[in-house]
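To keep things clear, I will list the structure first and then write my remarks on it.
What you see is a predicted model; the values in this text were computed from it and never measured.
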Amino acid sequence: MLLVGLTGNIASGKSTVAQLFGRWGATLIDADALARQAVEVGMPAYQAIVERWGQGVTAPDGPIDRRELRQRVFSDSEQLEALNAIVHPEVQRLRDQLIDDARRRGDRIVVCDIPLLFERRLADQFDRIVLVDAPRPVRMERLVRDRGLETTEAMKMIASQMPAELKRARADYLIDNTGTPAELETRALEIWSALQKDSTPAELE
């Protein structure tokens, strides 16, 4: 089984690449989905968040209000780290379970979509790293235009992540997403073909 870490800074197009890999046959494990699962009502991380930030970060019907929580922590590195210390260990536990399940099934390529792969020092856990990248001004425009964020909020989210330039040197494969969706798909398919080759035992090549 080839274990692939897929990463990219916010609004780089990483999620689109993940969807393409899934369409082509990869087993996908989405860190954002696991993070949502980790903070569901009744989970240990949910209780820890409420104890740390109070009922003000919960919606009227109980679940965590992710937007409210994000606004509280992204402007304060200490609070952001406190949130990460609560959520990330639980996300890692859930991810490890899914990877073990995939290994038992004999899945060929497992792609873990992890936005903070380098920030959380997870790179060594993977056989290959794929980085999706786009220039910072392009990502800023996408956050404001496509996600409806205020410019200041978009700037904070971008600033909270490691600069992509530092990630490029550590990635095995790079997908530049500066063109059209069709161009992104073409480049992603090239990388997918390379990953398929990487997952083939040498004696079968």
For this session: Answer with yes or no whether the side chains of D107 and T27 bring together a donor and an acceptor at under 3.5 Å.
Result: yes
For this session: Return the minimal non-hydrogen interatomic distance between N9 and P163, and the atom names on each side.
Result: ND2-C, 4.1 Å
Exercise. Does a salt bridge link D113 with K14, judged by any charged N lying under 4.0 Å from a carboxylate O?
Worked result: yes
For this session: Answer yes if M162 and I114 sit in the same cluster of Ile, Leu, Val, Met, Phe, Trp and Tyr residues linked by side chain heavy atoms under 4.5 Å apart, and no otherwise.
Result: yes
For this session: Could you tell me whether the side chain of I158 reaches within less than 4.5 Å of the side chain of L143, counting heavy atoms only?
Result: yes
Exercise. If you draw a 6.0 Å radius around CE in M1, do more than 12 non-hydrogen atoms from other residues or ligands fall strictly inside?
Worked result: yes
Exercise. Quick one: do V111 and L122 end up in the same hydrophobic cluster if we chain Ile, Leu, Val, Met, Phe, Trp and Tyr together by side-chain heavy atoms under 4.5 Å apart?
Worked result: no
Seminar exercise, completed: Closest non-hydrogen contact found for R142 with A11 is NH1-O, 2.8 Å
Exercise. Between the side chains of Q92 and D96, does any donor sit under 3.5 Å from an acceptor?
Worked result: yes
For this session: Using a strict cut-off of less than 4.0 Å between a Lys/Arg side-chain nitrogen and an Asp/Glu carboxylate oxygen, indicate whether E165 and R136 qualify as a salt bridge.
Result: no
Exercise. Side-chain contact, heavy-atom cut-off 4.5 Å: P63 with E40?
Worked result: no
Problem set entry | Remaining members of hydrophobic cluster (4.5 Å side-chain criterion), L174 | L131
Exercise. Hey, is D100 close enough to R103 for a salt bridge, meaning N to O under 4.0 Å?
Worked result: yes
Exercise. With distance as the sole test, does D76 use its side chain to make a donor-acceptor pair with the main-chain N or O of Q79 at under 3.5 Å?
Worked result: yes
Problem set entry | Partner residues of S199 under the side chain to side chain contact (heavy atoms under 4.5 Å, CB included) criterion, sequence neighbours left out | L2, R108, I109
Exercise. Is V39 close to V87 at the side-chain level, that is, under 4.5 Å between some pair of heavy atoms?
Worked result: yes
Problem set entry | Nearest heavy-atom neighbours spanning I129 and D172 | N-OD2, 2.7 Å
Problem set entry | N-O pairing of R95 and E90 below 4.0 Å | no
For this session: Mind listing the closest non-hydrogen atom pair of A123 and R170 along with its distance?
Result: CB-NH2, 3.6 Å
